[in-house]
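Computed over heavy atoms, backbone and side chain alike; hydrogens, waters and symmetry mates excluded.
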Number of protein chains: 2
Amino acid sequence: MPDSTPKALTTLSSLKIEPGYKRVANAIEAQIVGGQIKLGELLPTESNLAEMLGVHRSTIREGIRSLENAGLVQRGRGKRLRVSVPEMSAVSSVITRALGLKQVSFFELWEMQMLLEPFAARLASQRISDDLARELQKNVDSLRQNLNDDEFVIRNDTKFHQLIAEAAQNAALTLSTAPIGALLFSATVNLYSTVSQARHRLLESHEEILAAILSKDAQAAEETMARHIRDFYRGYEISGVDVHAPIPLDPRALDLVK
Amino acid sequence: MPDSTPKALTTLSSLKIEPGYKRVANAIEAQIVGGQIKLGELLPTESNLAEMLGVHRSTIREGIRSLENAGLVQRGRGKRLRVSVPEMSAVSSVITRALGLKQVSFFELWEMQMLLEPFAARLASQRISDDLARELQKNVDSLRQNLNDDEFVIRNDTKFHQLIAEAAQNAALTLSTAPIGALLFSATVNLYSTVSQARHRLLESHEEILAAILSKDAQAAEETMARHIRDFYRGYEISGVDVHAPIPLDPRALDLVK
DNA sequence: TATGTAGGATTATCCGACAATAGGACAACA
DNA sequence: TGTTGTCCTATTGTCGGATAATCCTACATA
């Protein structure tokens, strides 16, 4: 066999130039990240950008799509492009999709939840704002009243944990918990219809956790939440699904984070 | 003041139809997420898609950009579109950018790191593969040899934590830690040049952690890592920067996750 | 004060064309 | 045999230009 990789010249960098639409995206992104264009400001019109960067308007449009998807710009028919802080929801749905396609297992997600949620509950008990406290209270109240509506229960549950994450006032934490919660939705869809007691235990747990948070008892908040998550695991086991099998990605899970 | 929100008709859903490119993106995404198109397969050509969906090729192209950015499809000049699992790096950079623009503080990130890293170290000590063990060993060795190259130290440090997260074999965990590590890079850039002892302590810590993981001592792995992260916090404080100020987003941070 | 209307600005979509690249088939050559 | 050069075709990348749909503002009207 002849030497297929000669010693010299093995470290040549590819001199391929990036396609135009990607250069457009990078250029605009750099302006935003670098702070030359401030948040909330308007971008030049597509026609202007095309002129400025010396490419056709179609190319500009393709480049901007990338940024739009990442949440860096918002656009609308007839409206100018506006620079915006990426909505957490936009980012969350990217993560959710990725994890879903990555075929993560229930166990992996649960493991993370078991780490994050009690921590979030502890922080929430110390930092929750009056507004969020009210909203959390309302959330639990409405759960009590709609305990037999499966769809409602699941959405309400997701929202409950989302509110607690928010109350913890840590953006990185919020961003980590949201996709996990959304994905576990897929796993929970059939849980409440098969395990009838589950919904009552859910309500009790939420009430306990709420009480602990409102009374600013960090220790109790952490513990009740931990118990709640462990309960969740048992419920899943009882329903008979393999915890190590990849979670089937339910399309509704993506709506959930939006 | 007249009633600006009449009682009836308050729950009308917006009947705005989505623009074409978004419908295109959704349609293709649904096919992928739903599993009709398997990973690694080729998508129809742009022209075919245009014909199938009844829109112009330009519209198809714009729709596909969104998916490309999210990492769902890969493309290249003259090459057909290929469906792919989102690269973790693509997702990480979206998260990193979002958190950066969201102006998160060092404290927020550190708080998360303090939760995640010791946990990752514990799992890694129980689950690490031989391959990763070797790579981790090599990582620490090369740190010992390049201890005076600031840029190298920082990249090496990021990689160290990334490897441990991988070793924990939990995709959700990896995805949470990567962006946090990358962003803290921005914060660390000036640390080692100002605090001269820091780099030696860094090496010692990494050696300790490595030893704990390789000997599969979960307890020690968790504790040494926790100490390491706390050290990091002290170092940052000493350098005199306000831990609650938003982290300035260094462009290199985005390269780091790629 | 609220409602209707006109006009310009801007994005959304379409049309059709050409350039650039990838990939394969095949001949020429050492 | 294995390498190189040359063709061809399929496909993406970019372009120039056109039209429709929508937003925004100003102004008129009741």
(message) Can you tell me how the ring of H206(A) sits relative to the ring of F160(A), calling it parallel under 30°, perpendicular over 60° and tilted otherwise?
(response) parallel

(message) Run R65(B) and E62(B) through salt bridge (charged side-chain N to carboxylate O under 4.0 Å, His left out) and show every step you take.
(response) CA-CA 5 Å; R65(B) 290 280 167 255; E62(B) 291 191 22; over 6 Å; no

(request) Check for a donor-acceptor pair, side chain of Q113(A) on one end and backbone N or O of I180(A) on the other, with a separation under 3.5 Å. (result) no

(message) Looking at N170(A) and E108(B), would you say the former's side chain and the latter's main chain have a donor-acceptor pair under 3.5 Å?
(response)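 Between the backbone of E108(B) and the side chain of N170(A) there is a qualifying donor-acceptor contact (under 3.5 Å).
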
(request) Compare side-chain N and O positions of R77(B) against OP1 and OP2 of dG13(D) and report whether any pair is under 4.0 Å apart. (result) no

Find the distance [X]:[atom1] to [N]:[atom2] and express it as a whole number of Å.
X      : N       : atom1 : atom2 : answer
L53(A) : dC15(D) : CG    : P     : 11 Å
L42(B) : dG23(C) : CG    : P     : 11 Å
E51(B) : dC15(C) : CD    : P     : 12 Å
I60(B) : dT11(D) : CD1   : P     : 15 Å
H56(A) : dT14(D) : NE2   : C1'   : 8 Å
R75(B) : dA10(D) : CZ    : P     : 19 Å
Q74(A) : dT11(C) : CD    : P     : 14 Å
R80(A) : dC24(D) : CZ    : P     : 12 Å

(message) For a quick check, tell me whether the side chain of R57(A) and the base of dA12(C) share a donor-acceptor pair closer than 3.5 Å.
(response)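 Looking at the base of dA12(C), it does pair with a donor or acceptor on the side chain of R57(A) (distance under 3.5 Å).
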
Residues 29-42 of chain A side chain polar contacts: donor-acceptor under 3.5 Å, at least two apart:
from	atom 1	to	atom 2	distance (Å)
E29(A)	OE1	R97(B)	NH1	2.7
E29(A)	OE2	R97(B)	NH1	3.2

(message) So K102(A) and P86(B), do their side chains get closer than 4.5 Å, heavy atoms only?
(response)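 Counting from C-beta outward, P86(B) and K102(A) never come under 4.5 Å.
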
(request) Take G54(A) and K79(A), find for each the nucleotide of DNA chain D with the closest heavy atom, and name the residue whose nucleotide sits nearer the 5' end. (result)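 The 5'-side residue here is G54(A).
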
(message) Please give me every residue in residues 61-68 of chain B whose heavy atoms get under 4.0 Å of an atom in DNA chain D, ordered by residue number.
(response)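 Contacting residues: R61(B), R65(B).
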
(request) List in numerical order all residues of residues 22-30 of chain A for which some heavy atom is under 4.0 Å away from an atom belonging to DNA chain D. (result)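 Heavy-atom cutoff 4.0 Å gives no residues at all.
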
(message) Between E46(B) and K79(B), does any side-chain N to carboxylate O distance fall below 4.0 Å?
(response)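 Salt bridge: no.
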
(request) Answer yes or no: is there an ion pair linking K138(B) with D141(B), defined by an N-O contact shorter than 4.0 Å? (result)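 Looking at D141(B) together with K138(B), the answer is no, because their closest N to O distance does not fall below 4.0 Å.
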
(message) Just to be sure I understand the geometry, which residues of residues 43-50 of chain A put a non-hydrogen atom under 4.0 Å away from DNA chain C?
(response) T45(A), E46(A)

(message) Applying side-chain hydrogen bond (donor to acceptor under 3.5 Å, both in side chains), can you list everything that pairs with S84(B), at least two apart in sequence or on another chain?
(response)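 For S84(B) there are no side-chain hydrogen bond (donor to acceptor under 3.5 Å, both in side chains) partners, ignoring immediate neighbours.
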
(request) Apply side-chain hydrogen bond (donor to acceptor under 3.5 Å, both in side chains) to N156(A) and list each qualifying residue two or more places apart in sequence or on a separate chain. (result) S142(A)

(message) If you assign each of S58(A) and L81(A) to its closest nucleotide in DNA chain C, which residue comes earlier from the 5' end?
(response)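 Checking each residue's closest nucleotide, the 5'-ward one belongs to L81(A).
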
(request) Determine the minimum heavy-atom distance between T174(B) and T177(B), stating which atoms define it. (result)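 Of all heavy-atom pairs spanning T174(B) and T177(B), the closest is O-OG1, 3.1 Å.
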
